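Take this structure first; my questions come after.
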Amino acid sequence: ELFHNELPHLKGNDTMMRLIGLDPSVPHSEEEAYEAWFKGIPPESMPSVNASLQKMMQGKHDENTYKWIHPELGERYVRCGGLAQLIPGKGYIIMGYHTDVTDQVLREKENSLVVNALADTYRCLYYVDNKSHSYTSYVTNSSLFPEEIPGAGDFEALKTLLCHNLAKEDFEAKVKDFLDLGTLDKRIAYKNRLALQFLDNEDKWNELKIIISDRDSKGNVSHFILGLNDIDTQKQIEARIHNELKRSREAITLRTTLLQNMSHEIRTPLNAMFGFSQLLSQPEGFISDK
């Protein structure tokens with residue numbers, strides 16, 4: 001109750017009292033209950049709490065999740081929602097709920113961290129059901145495609161987008177064969193992953209990866225992860241290393257040829273000098289004066 005010229009009142013059941021850090025077996029006034037809730041709101045949460053209250057006072061239902069400090073448990077996350085009723089001449093009565101959603105928020109944050117980490121590695125990441133031929137998107141770089149890809153849907157529609165709107169014309173058939181679910185079990189029978197490198201329409205190198213998630217009792221693929229990552233920089237580095245190795249081999253070949261030629265040019269006159277010195281060292285009369 002937010003009444004004019006009165007301290008705010010909070011009436012809640014035993015669960016509500018425990019959530020705001022009060023022992024329901026110990027009597028507390030409604031003013032103390034409100035104060036216990038209010039003082040748990042940290043400064044960074046206050047703007048969103050006030051905004052939510054204002055919406056309720058405008059006659060709208062609102063729900064808000066924000067950080068809240070429990071006197072014993074410390075930092076928590078709560079979800080509050082409800083409606084406000086105007087009491088003419090007195091103020092407002094707000095009726096609603098207060099739920100501890102800390103575990104859920106922390107899981108969502110962990111999932112968000114994982115997705116963000118994968119987004120730094122993969123341009124696209126999908127979880128594919130090989131039985132129903134459907135997919136769920138976890139990461140999609142929308143700038144790659146002329147139209148927005150749904151968060152979930154039919155895998156064949158996704159394959160069409162990847163083949164026609166991403167792969168360069170010369171690589172379309174290879175990408176299509178790589179994503180053929182009809183032959184997947186045969187191609188990946190004794191492996192857990194497949195990879196295909198291809199050029200996209202911007203002449204950049206990409207790599208598609210299929211990573212098996214699970215198989216049925218017959219060993220056929222039930223679910224897999226499809227990832228697309230940019231390997232253009234990696235390819236450029238590999239090309240540079242290849243060119244450097246090629247130049248090194250050419251340099252070694254030229255040096256070897258040079259040394260062989262130098263050895264020949266030096267050895268020929270030395271052999272001649274050695275031959276003449278042998279003749280000159282023969283006994284007197286072996287060689288005529290002429």
Side-chain angles (χ1 to χ4, degrees), residues 116-126 139-146 159-181 183-212 221 224-290:
N116 288 338
L118 291 172
D120 291 336
T121 304
Y122 290 95
R123 306 176 81 181
C124 299
L125 192 67
Y126 307 100
V139 177
T140 297
N141 186 337
S142 58
S143 64
L144 295 174
F145 306 100
K159 182 171 77 172
T160 299
L161 283 172
L162 291 172
C163 290
H164 299 308
N165 297 328
L166 184 62
K168 197 171 183 178
E169 186 176 355
D170 296 346
F171 289 88
E172 275 190 33
K174 291 182 179 180
V175 172
K176 184 178 180 181
D177 291 342
F178 182 80
L179 297 176
D180 183 10
L181 298 184
T183 61
L184 180 61
D185 286 317
K186 183 177 180 180
R187 287 182 289 132
I188 207 165
Y190 304 104
K191 295 177 283 188
N192 284 323
R193 62 181 60 199
L194 293 173
L196 173 71
Q197 296 181 356
F198 67 95
L199 281 171
D200 62 20
N201 290 320
E202 296 179 353
D203 284 326
K204 291 184 178 181
W205 282 100
N206 294 265
E207 184 174 60
L208 275 171
K209 287 183 180 178
I210 291 178
I211 303 171
I212 301 304
V221 176
F224 66 88
I225 296 170
L226 175 65
L228 172 72
N229 57 326
D230 183 350
I231 59 169
D232 197 60
T233 301
Q234 175 187 332
K235 279 289 203 179
Q236 291 178 12
I237 293 173
E238 290 175 357
R240 186 163 62 247
I241 292 173
H242 175 76
N243 290 334
E244 289 174 355
L245 289 173
K246 183 179 179 181
R247 286 195 296 270
S248 295
R249 287 195 295 267
E250 291 174 349
I252 291 172
T253 300
L254 290 172
R255 184 183 64 182
T256 302
T257 303
L258 175 64
L259 291 175
Q260 288 175 342
N261 290 338
M262 287 178 63
S263 175
H264 173 74
E265 296 302 326
I266 293 172
R267 191 167 60 245
T268 299
L270 284 178
N271 286 338
M273 293 169 67
F274 178 69
F276 283 122
S277 67
Q278 283 186 315
L279 290 174
L280 293 173
S281 64
Q282 294 298 321
E284 188 176 351
F286 181 80
I287 301 175
S288 66
D289 291 339
K290 183 177 180 180

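All figures in this text were calculated on a predicted structure; none of them were measured in a lab. We use all heavy atoms of the structure for the numbers below, so side chains are in, but hydrogens, waters and symmetry mates are not.
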_Could you check whether Lys235 pairs with Asp230 (Lys NZ or Arg NE/NH1/NH2 to Asp/Glu carboxylate O, under 4.0 Å)?_
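Salt bridge: no.
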*asked:* Which heavy atom of Arg123 sits nearest to which heavy atom of Asp200, and what is that distance?
replied: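 Answer, listing the atom of Arg123 first, then Asp200: NH1-OD2, 3.5 Å.
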* To do: Answer whether the closest heavy-atom distance between the side chains of Tyr126 and Leu228 falls below 4.5 Å.
  =>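 Tyr126 does not reach Leu228 side chain to side chain.
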- Below 4.5 Å, heavy atoms only, C-beta onward: do Ile211 and Leu226 meet side chain to side chain?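 Not touching, per the 4.5 Å side-chain cut-off.
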Would you say the side-chain atoms of Glu238 and Gln234 include a donor-acceptor pair closer than 3.5 Å?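 Yes - a donor-acceptor pair under 3.5 Å links their side chains.
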**Message:** Give me the atom names and distance for the closest heavy-atom approach of Asn201 to His164.
**Reply:**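 Scanning both residues, the minimum pair turns out to be ND2-O, 4.4 Å.
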Q.
When you compare the side chain of Phe178 with that of Ile210, does any pair of heavy atoms fall below 4.5 Å?
A.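 Of all side-chain heavy-atom pairs linking Phe178 with Ile210, at least one is under 4.5 Å.
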**Message:** Looking at every heavy atom in both Val221 and Asp185, which two are closest together, and how far apart are they?
**Reply:**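 In terms of heavy atoms, the two residues are closest at N-OD1, 2.7 Å.
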List the residues meeting ring pair (Phe, Tyr, Trp, His ring centres under 6.0 Å) with Phe198, not counting sequence neighbours, and say none if there are none.
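None.
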What's the separation between atom CG in Asp180 and atom CZ in Arg187, rounded to the nearest 0.5 Å?
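It comes to 6.0 Å.
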>> For a 4.5 angstrom cut-off between non-hydrogen side-chain atoms, does Gln197 reach Phe171?
In response: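 Result no, sub-4.5 Å side-chain heavy-atom pair not found.
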* Asked: Under a 4.5 Å cut-off applied to non-hydrogen side-chain atoms, are Leu179 and Lys176 in contact?
  ->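 Side-chain contact under 4.5 Å: no.
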> Looking at CD of Glu207 and CG of Leu196, how far apart are the two atoms once the value is rounded to the nearest 0.5 Å?
Replying inline: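 The CD atom of Glu207 sits 8.0 Å away from the CG atom of Leu196.
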Q) Of all heavy-atom pairs between Gln282 and Gln278, which one has the smallest distance, and what is that distance? A)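 Taking every non-hydrogen atom into account, NE2-O, 3.2 Å.
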Donor-acceptor contact below 3.5 Å, side chain Asn206 vs main chain Lys204 =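 Side chain of Asn206 to backbone of Lys204, a donor-acceptor pair under 3.5 Å: yes, one is there.
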*Would you find more than 12 non-hydrogen atoms of other residues, nucleotides or ligands less than 6.0 Å from Glu169 atom CD?*
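No, not enclosed.
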Would you say Glu172's side chain and Lys168's backbone share a donor-acceptor pair under 3.5 angstrom?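 The answer is no, because no donor-acceptor pair under 3.5 Å joins these two groups.
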Minimum heavy-atom distance Cys163-Val175, with the two atoms named
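Smallest heavy-atom distance, with atoms named: SG-CG1, 3.8 Å.
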